[in-house]
Amino acid sequence: METKEILAQHYGSYDEDSRLLSQHGQVEFLTTMGYVEKYLRPGMRVLEIGAGTGRYSHTLARQGYQVDAVELIESNIEIFRQNTQPGEDIQVTQGDARNLEGFSGYDITLLLGPMYHLFTQEDKEQALSEAVRVTKSGGVIFAAYCMADPSILCYGFIRGYIHSLMEKKMLDPVTFAAFSEPSDLFALHRKEDIDALRAKLPVSQLHFVAADGFTNYMRDTVDAMDKETFDIYLKYHQAVCERPELVGYSHHTLDIFRKDTL
C-alpha cells in the first residue's frame, strides 16, 4: 500500500479535530498558535502545508489573515471546505509538501503535519526545502515533528509492546534510535535529526518548542481538570516548553526558524 493510501485510510477514520479540541489536544494547539501569533503582523500572507481539516488555517483566516492551504488527502479537504465560514479569505488546494509549484511569497509558512509522514531523508529535505522556498526572505517557518523517545516510553513500555518493537528491529539495541516505515504511519525523530535537517537550509533558528510537553503521558488527568486547574497547567507548560531538558520528552515538537535574508 502506498503512503498516500495509508494516510487516507488513517485520516478517513480518525477525528483529528476532536483531538485538538480536547483539553489535552488544546495544549498542543494553543502552544503552537501562541508562537505563530508572536510573528504575525496585519496584512501577512500565510501558507499551511499539510493543513488537514483546517484547524489552524481557519483560526488564522477568522483573525483576518489571507491563508492558502495545501492538503494531500481528499477526505480532509472535504471537511476543510465544510468548515469554511463566510468571510474567510482562504483557499485550499490538493497538493504534496514535496512539490509546491505555483506557491511563493508567504510571510508565515506552517508545516505542521507533513514531517510526521515522510520517511526518507530525501523526502524530508525536499519538504523543508520547499517550505523555505515559498517563504519570503525574513519570513518564519514552523515545522512540527513526532519524537521517538516518547513513543518508545508510551507504546513500548506503558502499553507493553517493547519486545515486539525489538523483535521487529524498530529500535537500535544499543542507542534505542527508532526506525519506522510508512506502514507504521509516523516518522519518529530525535532532536539531533531535526538539527541536521535544519542545518542544510538558509535559515536561523528562533525556537525549539515542546508543543505538548508531558501532556500525552497524563492525558486522562489533563482532560479531567476543571477550567481553573487546566489554565494553571497551560501556564506552567507554556513557561517551561523551551527548557532543553524537557523538550525531548514531548510527543510533538515545533522547530521555528527564519529564512535568512539574501
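Note that these values count all heavy atoms, side chains included, but never hydrogens, waters or copies made by symmetry. All values derive from a computational prediction rather than experimental measurement. Start at 1 with the first residue, then count along the sequence.
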If you apply the rule side chain to side chain contact (heavy atoms under 4.5 Å, CB included), what do you find for Ile152 with Leu188, and how did you get there? CA-CA 10 Å; Ile152 295 169; Leu188 303 175; 6.0 Å; no
Apply the test side chain to side chain contact (heavy atoms under 4.5 Å, CB included) to residues Ile108 and Tyr65: give CA-CA distance (whole Å), side-chain angles for both, the deciding distance (0.1 Å), then the verdict. CA-CA 11 Å; Ile108 300 287; Tyr65 293 97; over 6 Å; no
Criterion side chain to side chain contact (heavy atoms under 4.5 Å, CB included) on Val70 and Leu47, from CA distance to verdict: CA-CA 8 Å; Val70 178; Leu47 175 67; 4.0 Å; yes
Report the C-alpha separation of Val46 and Tyr56 in whole Å, then their side-chain angles, then the decisive distance to 0.1 Å, and conclude whether the side chain to side chain contact (heavy atoms under 4.5 Å, CB included) test is met. CA-CA 11 Å; Val46 178; Tyr56 291 95; over 6 Å; no
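Transitive grouping of hydrophobic side chains (ILVMFWY, heavy atoms separated by less than 4.5 Å) keeps Phe142 and Phe257 in distinct clusters. Note on Met115: it clusters hydrophobically with Phe103, by side-chain heavy-atom contacts below 4.5 Å among ILVMFWY residues. Linking ILVMFWY side-chain heavy atoms closer than 4.5 Å, directly or via other members, places Leu112 and Phe80 in a single hydrophobic cluster. Note on Leu201: it clusters hydrophobically with Val134, by side-chain heavy-atom contacts below 4.5 Å among ILVMFWY residues. Linking Ile, Leu, Val, Met, Phe, Trp and Tyr whenever their side-chain heavy atoms come within less than 4.5 Å leaves Phe208 and Leu254 in two separate clusters.
Heavy atoms only, all atoms of each residue included: Ala211 and Thr32 are closest at CB-OG1, 4.4 Å. Here the shortest heavy-atom pairing between Val132 and Pro202 reads CG1-CG, 4.1 Å. Residues Ser22 and Asp223 approach most closely at CB-OD1, 4.1 Å, considering heavy atoms. In plain terms, the two heavy atoms of Glu242 and Val209 that are nearest each other are CG-CG2, 4.0 Å. Here the closest non-hydrogen pair linking Leu118 and Ala187 is O-CB, 3.3 Å.
At distances below 3.5 Å, not a single donor-acceptor pair connects side-chain atoms of Asp184 with backbone N or O atoms of Phe186. Panel note: side chain Glu71, backbone Ile77; no donor-acceptor pair is recorded below 3.5 Å. In this structure, the side chain of Ser250 does not engage the main chain of Leu246 through any donor-acceptor pair within 3.5 Å. At distances below 3.5 Å, not a single donor-acceptor pair connects side-chain atoms of Thr175 with backbone N or O atoms of Asp172.
Heavy atoms of other residues, nucleotides or ligands lying less than 6.0 angstrom from CD of Glu181 number 12 at most. Taking a 6.0 Å sphere around CD of Glu192, one finds it holds more than 12 heavy atoms contributed by other residues, nucleotides or ligands.
Shown here are the side chain to side chain contact (heavy atoms under 4.5 Å, CB included) partners of Thr120, two or more places apart in sequence or in another chain: Glu122, Asp123. Under the salt bridge (charged side-chain N to carboxylate O under 4.0 Å, His left out) criterion, Lys235 pairs with no residue, sequence neighbours left out. Residues passing the salt bridge (charged side-chain N to carboxylate O under 4.0 Å, His left out) test with Lys200, sequence neighbours excluded: Glu125. Residues passing the ring pair (Phe, Tyr, Trp, His ring centres under 6.0 Å) test with Tyr155 are Tyr161, sequence neighbours excluded. With sequence neighbours excluded, the residues forming a salt bridge (charged side-chain N to carboxylate O under 4.0 Å, His left out) with Arg243 are Glu245, listed by chain and number. Shown here are the salt bridge (charged side-chain N to carboxylate O under 4.0 Å, His left out) partners of Arg190, two or more places apart in sequence or in another chain: Asp149. With sequence neighbours excluded, the residues satisfying side chain to side chain contact (heavy atoms under 4.5 Å, CB included) with Thr221 are Met218, Met225.
Aromatic pair Tyr145/His252: ring centres not closer than 6.0 Å.
Legend: ring pair (Phe, Tyr, Trp, His ring centres under 6.0 Å) pairs involving residues 223-251, not counting sequence neighbours, sorted by first then second residue: Tyr217-His251. Within the structure, side-chain hydrogen bond (donor to acceptor under 3.5 Å, both in side chains) contacts touching residues 129-143 (residues at least two apart or in different chains) are Asp107-Lys136, Thr109-Thr135, Glu130-Arg133. Listed by first then second residue, pairs satisfying salt bridge (charged side-chain N to carboxylate O under 4.0 Å, His left out) with a partner in residues 246-262 read Arg198-Asp255, not counting sequence neighbours.
Grouped by direct or indirect side-chain proximity (heavy atoms under 4.5 Å, Ile/Leu/Val/Met/Phe/Trp/Tyr only), Phe179 sits alone. Taking Ile, Leu, Val, Met, Phe, Trp and Tyr as members and joining any whose side-chain heavy atoms lie under 4.5 Å apart, directly or through other members, Phe119 forms no hydrophobic cluster with any other residue.
The CD1 atom of Ile79 lies 11.5 Å from the CD1 atom of Ile73; values are rounded to the nearest 0.5 Å. Residue Cys241 holds its SG atom at 12.5 Å from CD of Glu28, rounded to the nearest 0.5 Å. With rounding to the nearest 0.5 angstrom, the CE atom of Met147 is 12.0 Å from the CG atom of Leu153. The NE2 atom of His117 lies 7.0 Å from the SG atom of Cys146; values are rounded to the nearest 0.5 Å. Annotation: the span from Asn83 atom CG to Ile90 atom CD1 amounts to 9.5 Å, rounded to 0.5 Å. Taking CD from Glu48 and CG from Leu60, the interatomic distance works out to 7.5 Å, rounded to the nearest 0.5 Å.
With a 4.5 Å cut-off on side-chain heavy atoms, Tyr39 and Leu206 count as touching. Between Val247 and Lys191, every side-chain heavy-atom pair lies at or beyond the 4.5 Å cut-off. By the 4.5 Å heavy-atom criterion applied to side chains, Gln121 and Leu197 are counted as neighbours.
With 3.5 Å as the limit, one finds a donor-acceptor pair spanning the side chains of Glu88 and His58.
Between Tyr35 and His207, the ring planes are perpendicular. Angles over 60° get that label, and only those under 30° would be called parallel.
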